[in-house]
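See structure below.
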Number of protein chains: 2
Amino acid sequence: MRAVFAEESRISVLDVPEEILEPLSRSPVARDVAHRAGVSTATVSRVLNGSAGVRADKREAVMRAAQDLGFVANGAARALSTRRFMAVGAVVPNIENEAFVRVLSSFQERLRQAGYTLVAANAGYDLEDELREATFLLERGVDGLMLVGDIHHPDLHTRIARHGIPMVQTFSLSRERPCVGFDNAASAARAANYLIDLGHRRIGVISGLRKDNDRGGARVTGIAQALAARGLTLAPEHDIEISYGIGGGRDGFRQMLAGGPPPTAIICGTDQIAFGAMIEARARGLDVPGDLSVIGHNDSDFAPFLDPALTTIRIHSAEIGHAAGDHLIARMQGRPVVRLTQIDAELILRASTAPPRKPTLD
Amino acid sequence: MRAVFAEESRISVLDVPEEILEPLSRSPVARDVAHRAGVSTATVSRVLNGSAGVRADKREAVMRAAQDLGFVANGAARALSTRRFMAVGAVVPNIENEAFVRVLSSFQERLRQAGYTLVAANAGYDLEDELREATFLLERGVDGLMLVGDIHHPDLHTRIARHGIPMVQTFSLSRERPCVGFDNAASAARAANYLIDLGHRRIGVISGLRKDNDRGGARVTGIAQALAARGLTLAPEHDIEISYGIGGGRDGFRQMLAGGPPPTAIICGTDQIAFGAMIEARARGLDVPGDLSVIGHNDSDFAPFLDPALTTIRIHSAEIGHAAGDHLIARMQGRPVVRLTQIDAELILRASTAPPRKPTLD
DNA sequence: TGGCTATCTGAAAGCGCTTTCAAAACGCTG
DNA sequence: CAGCGTTTTGAAAGCGCTTTCAGATAGCCA
């Protein structure tokens, strides 16, 4: 059931031309402040940047003049002069995705404290687009760059290197490049082992799109290997790749059921997918966790509130963002840094997983 | 039930000092390109900015030289020279909030197409913080600014005016300033009227924090007025203000029940709050919608998938973002614009609302 | 008070682009 | 081929800040 009520569709008040805002003469520049304070622009700069060696009275005068005039330094001029933009870029696959939002938020928090601004861009799970967006950021001017994952367009590293700015990768580990993340394969394998230990033998996977996505790929690989190590296999019909979201999860599970004997447990690429799969399972009369155990990824806000509460792999997004921020800030300030920071994901056990009702016989 | 399994806590590989990246001489500048192409920097600039009036052969030569050198113009120098930063700022109350994320994403989409970058900042529902963040953005250099809501720090408008850049407000309407949004009071009132029409007489509200939040305030006011117009009142014990989130919703509803005869319907500030309230209701043995009708706000992804599916006020976040982007781009390019764009919210009817089981008698 | 050092200060030179302005090159026409 | 109107082009002047460098001041001691 779904209807639109009282749709008083959209209205626009047309063409009220903009009035001109105050004919403000011209925004004040350092010279104006210097004049007013009776000093040179050099001194203005020194005062406003807090550098020592300015006599108290002049300092006062400059401060007051700047205040009176409402002076705000021109960022571009400063950047041009100092060769520092005081900005950091971040390119993430999907800027609306909860996990990335959390990382960006905590990343920004750190940067902001250090006086940097964050400029985020969207790469949409496509290496070409990622390259394009990163290039755009480099042109506009950033002092550092955050990327997601370990596979990128071959030209990307060259371009970053040419700009001579530090870069840090997140969400996965890398032997070649600085990174903050976790072992996606290992954490997914841990979830698989947990299910195997519970007695499950037919285990399925519903992942998001894996194209240009090393994290998703690694997780599936990790699961397949964990199964193999215990003499089990990930059946092709139990290895589903769908688009993200609750709808994707429903479709994915439906697809899986169409492929032969259903699994007794599934591991999903996100909690949204897991939620969708649970809905579809219920619609098919399957009990979770009685007939089907479900594990998600991310520990979204709603995960503990689902019915049953969702077992999930919690990614410490906030800590990844903080660590990535700290890493970049340190390098931009020329301090030594750790090259690899590992922040392991945790398996959070809740009610959506249980031993299979009737242990499978094979 | 909630346990942490196999917590192999966090590891950091320490102090592998960063190797120096390629000792690249110095990134190429326009002069280098000019030299290589045998022209002046003026011509280089003309070619790279696509301005007409450059002979084809020189244009070719410049293109090739720029390509060979991997030249990328310095954004700060360009900004300083053109007095345009090609950047737009946005200050939102909570950068992690789903509704704002969606607006920012669609806003950015438009800006990006027009060659602008978005710089977003977090104001945390506090006017002082909002002022601080906006000022920070103004200093760093933006050509336009997006804000949320119609109440701001008194100094904010002065500062924006001093910079002479356009600003647009979102999510609510304003008679003083350019805006893209909807009538929060009216849309909430519509929801209230719908409940009244269903036969509800005791209607409650659980809103998020209303401090420095005109949207939240307007919604409650709208509901109270709608009730009053039908001879009903919003009882103080049914007017709850809590922090956002599912947990907030649970707490809020619990608090409401503690305050006397329970309402037969509630309107919540977000779908998360509504979800929390539904969980708490169920925990108390109340049936939704039999004993309690619930309406949310935003039409989050999960709303149609809750059990029962959630009736909610859908805010067209993506369209608000697009319209705000278009508005700002137009003004930055000196084109005339509409001053007020209204994009009404819709009431989406689903299964969480129904007539009260036993009509109240008053 | 003179001399010497330590502290402050301002003039001026960039930073790397864009853009104006005048000169150069070009293409026609008569 | 001179003369004239167009195109093209480059020199140079900014844009508004930081920072160097040398000169001006102040502080101190004898």
Does a side-chain N or O from A:Asn49 land closer than 4.0 Å to OP1 or OP2 of D:dT18, or not? yes
Measure the angle between the two terminal helix axes of the helix from C:dT1-D:dA30 to C:dG30-D:dC1, five base pairs each, and quote it to 10°. 40°
Measure from CG on A:Leu80 to P on C:dT18 and round the result to the nearest Å. 12 Å
Would you indicate whether the side-chain heavy atoms of B:Met332 and B:Pro166 approach each other to under 4.5 Å? yes
Test item: side-chain donor near acceptor, B:His327 and B:Arg331, under 3.5 Å: yes
In whole angstrom, give the distance that lies between atom NE2 of A:His35 and atom P of C:dG10. 12 Å
Any Lys/Arg nitrogen of A:Arg215 or A:Asp150 sitting under 4.0 Å from an Asp/Glu carboxylate oxygen of the other? no
Taking for each residue the nucleotide of DNA chain D bearing the nearest heavy atom, is the 5' side occupied by A:Ser45 or by B:Val39? B:Val39
For the pair A:Met146 and A:Met167, evaluate side-chain contact (heavy atoms from CB on, under 4.5 Å) and give the outcome as yes or no after the intermediate values. CA-CA 6 Å; A:Met146 185 200 99; A:Met167 186 264 329; over 6 Å; no
Can you tell me if the side-chain N/O atoms of A:Arg83 get under 4.0 Å from OP1 or OP2 in C:dG16? yes
Grab the CZ-C1' distance between A:Phe85 and D:dC17 for me, whole Å please. 14 Å
For B:Asp57 and C:dA25, give me the distance from atom CG to atom C1', rounded to whole Å. 12 Å
Side chains of B:His152 and B:Glu130: donor-acceptor distance under 3.5 Å anywhere? yes
I want to check one thing: is the phosphate of D:dT18, taken as OP1 and OP2, less than 4.0 Å away from some side-chain N or O of A:Arg78? yes
Would you classify A:Arg46 as touching base, sugar-phosphate or nothing, given that sugar-phosphate means primed atoms plus P, OP1 and OP2, and contacts are heavy atoms under 4.0 Å? base
Ignoring the backbone of B:Ser40, work out which of D:dT19, D:dA11, C:dT9 is nearest its side chain. D:dA11
On the nucleotide D:dT9, are OP1 or OP2 found under 4.0 Å from the side-chain N or O atoms that B:Thr43 carries? no
Reckon B:Ser81 has a side-chain N or O less than 4.0 Å from the OP1 or OP2 of C:dC17? no
Which listed nucleotide (C:dC8, C:dG16, D:dT9) is nearest to the side chain of A:Arg55? C:dC8
Side chain proximity check, A:Asp32 to A:Phe71, heavy atoms < 4.5 angstrom: no
Separation of D:dG14 P from B:Arg84 CZ (nearest whole Å): 22 Å
Can you confirm if the aromatic rings of A:Phe100 and A:Phe171 lie within a centre distance of less than 6.0 Å? yes
Have a look at B:Val44 and say if it touches a base, only the backbone sugar-phosphate, or nothing, with a 4.0 Å heavy-atom cut-off. nothing
Test: B:Asp326 and B:Arg110 ion pair at under 4.0 Å: yes
Nearest whole Å is fine: how far is D:dC15 P from B:Asn74 CG? 18 Å
How long is the line joining CZ of B:Arg31 and P of D:dG10, in whole Å? 14 Å
So if I take residues 131-141 of chain A and measure heavy-atom distances to DNA chain D, which residues fall below 4.0 Å? none
Taking side chain as C-beta onward, heavy atoms only, is A:Val168 less than 4.5 Å from A:Val180? yes
Which of B:Val39, B:Leu48, B:Val47 passes side-chain contact (heavy atoms from CB on, under 4.5 Å) with B:Arg59? It is B:Val47
To the nearest angstrom, the NZ-C1' distance between B:Lys58 and C:dC26 comes to 13 Å
Can you work out whether B:Ala42 or B:Ala77 has the more 5'-proximal nearest nucleotide on DNA chain D? B:Ala42
